[in-house]
Protein chains: 2
Amino acid sequence: MVAFTKLELPPAYRAVSLEIERLILDGTLKPGDALPSETDLAGRFGVHRSTVREGIRQLETEGLVRRETRKRLVVAAPDSADLAPRASRALTLQQITFRELWEAAMVMEPLSAALTAARRTDAVLAELDDNLARTEATIVAGQSPVALDMEFHSLIAAGSGNRALILAREPIGQLLYPAYVAIRPHLPQSAGRLMTAHRAIVEAIRARDADEARIWMARHIEDLNRGWVLCGLDPDMSVANL
Amino acid sequence: MVAFTKLELPPAYRAVSLEIERLILDGTLKPGDALPSETDLAGRFGVHRSTVREGIRQLETEGLVRRETRKRLVVAAPDSADLAPRASRALTLQQITFRELWEAAMVMEPLSAALTAARRTDAVLAELDDNLARTEATIVAGQSPVALDMEFHSLIAAGSGNRALILAREPIGQLLYPAYVAIRPHLPQSAGRLMTAHRAIVEAIRARDADEARIWMARHIEDLNRGWVLCGLDPDMSVANL
DNA sequence: GCCGCTCGATTTGTCCGACAAACCAGCAAA
DNA sequence: TTTGCTGGTTTGTCGGACAAATCGAGCGGC
């Protein structure tokens, strides 16, 4: 009597989201296609509209379905803007430490910089120049450059054209660079060092010099660790409450 | 008249999920806590139960809430098992290429190996030895070692103790290693090379030799690229339909 | 006194139906 | 042709209902 174990059927709302997901994955529904109306779906699946709605809420959360207007839902391919915040939240809840983030950044950021240098377009370069100018203005005004620092690293990742890297790096950047707010007040010269590094990285990218870009980026990320330690902070401290 | 722009209020179900999410993020609800019943929540928020349910479906999808039994929902911290499949799906839908995955793996895997070698526990080592044995048996039996290869790399990532790295690497592994099925039939000797590399990596980890582990892992990942090219496959080909 | 069991209360999953507000398309008027 | 109105569609939300699963408490047996 071991053969017949209890069947584990998913709830109907889960079956709905799995089925629509399947249709998207196998290409029957393509990104950009409008989803049928809730009533229509309820009719086809033979379930009540509220059940369909629960399934749609799941797809919406997964980024497989996006709303164009307040009403119209269209199929979409989830991108890093959908996934990165969830990953950041997960790491925050797990009390991720500075060390973990830094170790990961220490390999991903130099790769980003090198790839971007090798493949850069003028558009990316223009965005980086613009970011440099705004960062400098912010520092001169005595304000925190954290948001612009995050943007700088995101721009470089985007420039790499490597979507796996973009996706993997984004949550780490979102959590690691805010750590700079803990450093800046104690190390006044750090803003200047940040600016120097950013400029050198952009110049290397402009010159399409991948090695130089990689080296400066590695130096820049190492500097973050040095600053952290110089401030007497513990690398194994969680960055959750910065 | 520029001051008064249209107010964008989220739908009630979104407000519910955002509010519960806030309570989790700020620590009012801690992982492990049971969620109040749907009726209870509906009463407190002043909305209908079906509205609460839509909000809960979103939290469930995000991994912030997990079901212990079929009924009881408890607060949870999302982990890589929640997020990695979504990331893989996103990359698949975006037609991620072999090259993108390989470039990212080329920096993450050697780091994983080095960290694991430096910090390994006997438990991790035992799991790796077990994986080696099963991989060898599978290869001898002429079967595909892809699942075990993926497990091998996941075990090493887990051994690093770096949760940022675990999270970032997992979706890449899930997509990259299945590419091996395209290589194996054309390169019969590849299974032996895989086995040799895995053994060397485990030996380096056993000896807590971080550099040796890093080097062998880098060689192993490079080998994957070599195999791909030797088979006449285009690095810029999507791995979506393997 | 402890264990296990039954029975009722609670909770989830699903359904039915309703209605207001937003949205869209088509038609009439300028 | 453009503008504006109108009616039908779709979403968001609500009220309520019920079966099945689960839980808890009290009760009886050992």
Side-chain angles (χ1 to χ4, degrees), chain A residues 4-24 29-76 82, chain B residues 4-24 29-76 82:
Chain A
F4 298 97
T5 160
K6 179 86 183 269
L7 286 177
E8 279 296 334
L9 296 175
Y13 62 82
R14 186 82 192 109
V16 167
S17 64
L18 283 173
E19 175 63 8
I20 298 178
E21 179 181 326
R22 197 181 62 74
L23 293 175
I24 296 173
L29 287 171
K30 278 179 264 304
D33 290 356
L35 218 59
S37 78
E38 295 170 357
T39 314
D40 189 352
L41 288 170
R44 297 197 213 190
F45 290 136
V47 299
H48 193 259
R49 185 163 78 99
S50 59
T51 303
V52 168
R53 283 177 64 81
E54 292 188 31
I56 291 179
R57 289 296 87 79
Q58 302 198 289
L59 296 170
E60 204 184 1
T61 305
E62 299 193 15
L64 284 170
V65 141
R66 195 186 308 277
R67 38 191 1 102
E68 265 185 348
T69 76
R70 184 186 292 268
K71 298 244 150 157
R72 198 154 202 75
L73 282 175
V74 300
V75 175
D82 292 310
Chain B
F4 297 97
T5 162
K6 178 83 185 271
L7 286 177
E8 280 297 336
L9 296 176
Y13 62 81
R14 185 82 192 109
V16 167
S17 63
L18 283 172
E19 174 63 8
I20 297 178
E21 179 181 326
R22 197 182 62 73
L23 293 175
I24 296 174
L29 287 172
K30 279 180 261 307
D33 290 356
L35 219 58
S37 77
E38 296 171 356
T39 315
D40 189 353
L41 288 170
R44 296 196 215 191
F45 289 137
V47 299
H48 193 259
R49 185 164 78 100
S50 61
T51 304
V52 168
R53 283 177 64 81
E54 292 187 30
I56 290 179
R57 288 297 86 79
Q58 301 198 289
L59 295 170
E60 204 184 1
T61 305
E62 298 194 17
L64 283 169
V65 141
R66 196 186 307 277
R67 35 190 5 99
E68 260 183 353
T69 76
R70 184 187 293 268
K71 298 244 152 156
R72 200 152 203 74
L73 282 175
V74 300
V75 175
D82 293 310

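Everything numeric here is computed off the predicted structure, so don't read it as measured data. A note on names: the letters A, B, ... follow the listed sequences, proteins ahead of strands, and every chain is numbered from 1.
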Can you tell which of [options] lies closest to the side chain of [X]?
X       : options                : answer
A:Ser50 : D:dC14, D:dA17, C:dC15 : C:dC15
A:His48 : C:dA21, C:dG17, C:dC24 : C:dG17
B:Ser37 : C:dC15, C:dT12, D:dT11 : C:dT12

Using side-chain heavy atoms (C-beta onward) and a distance below 4.5 Å, is [X] in contact with [Y]?
X       : Y       : value
B:Gln58 : B:Glu21 : no
A:Arg44 : A:Pro36 : yes
B:Val16 : B:Leu41 : no

Nearest-Å distance for atom pair [atom1]/[atom2], residues [X] and [N]:
X       : N      : atom1 : atom2 : result
B:Ile56 : C:dT11 : CD1   : P     : 12 Å
A:Leu73 : D:dT9  : CG    : C1'   : 15 Å
B:Glu38 : D:dC18 : CD    : P     : 19 Å
B:Leu41 : C:dT11 : CG    : C1'   : 12 Å
B:Glu60 : C:dT12 : CD    : C1'   : 12 Å
A:Lys71 : D:dG8  : NZ    : P     : 16 Å
A:Asp40 : D:dT9  : CG    : C1'   : 12 Å
B:Leu35 : C:dG13 : CG    : P     : 12 Å

For [N], take OP1 and OP2 only and decide whether either is under 4.0 Å from a side-chain N or O of [X].
X       : N      : value
B:Tyr13 : D:dT13 : no
B:Thr51 : D:dC14 : yes
A:Arg67 : D:dG12 : yes
A:Arg53 : D:dG12 : yes

B:Glu54/B:Arg57 salt bridge by N-O under 4.0 Å criterion: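 Salt bridge between B:Arg57 and B:Glu54, a charged N being under 4.0 Å from a carboxylate O: no.
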Go through the side-chain N and O atoms of B:Arg53 and B:Ser50 and say whether any donor and acceptor fall under 3.5 Å apart.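 Side chains of B:Arg53 and B:Ser50: no pair found under 3.5 Å.
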message = For a quick check, tell me whether the side chain of B:Arg49 and the base of C:dG13 share a donor-acceptor pair closer than 3.5 Å.
response =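 Between C:dG13 and B:Arg49, which were checked side chain against base, a qualifying N/O pair under 3.5 Å is present.
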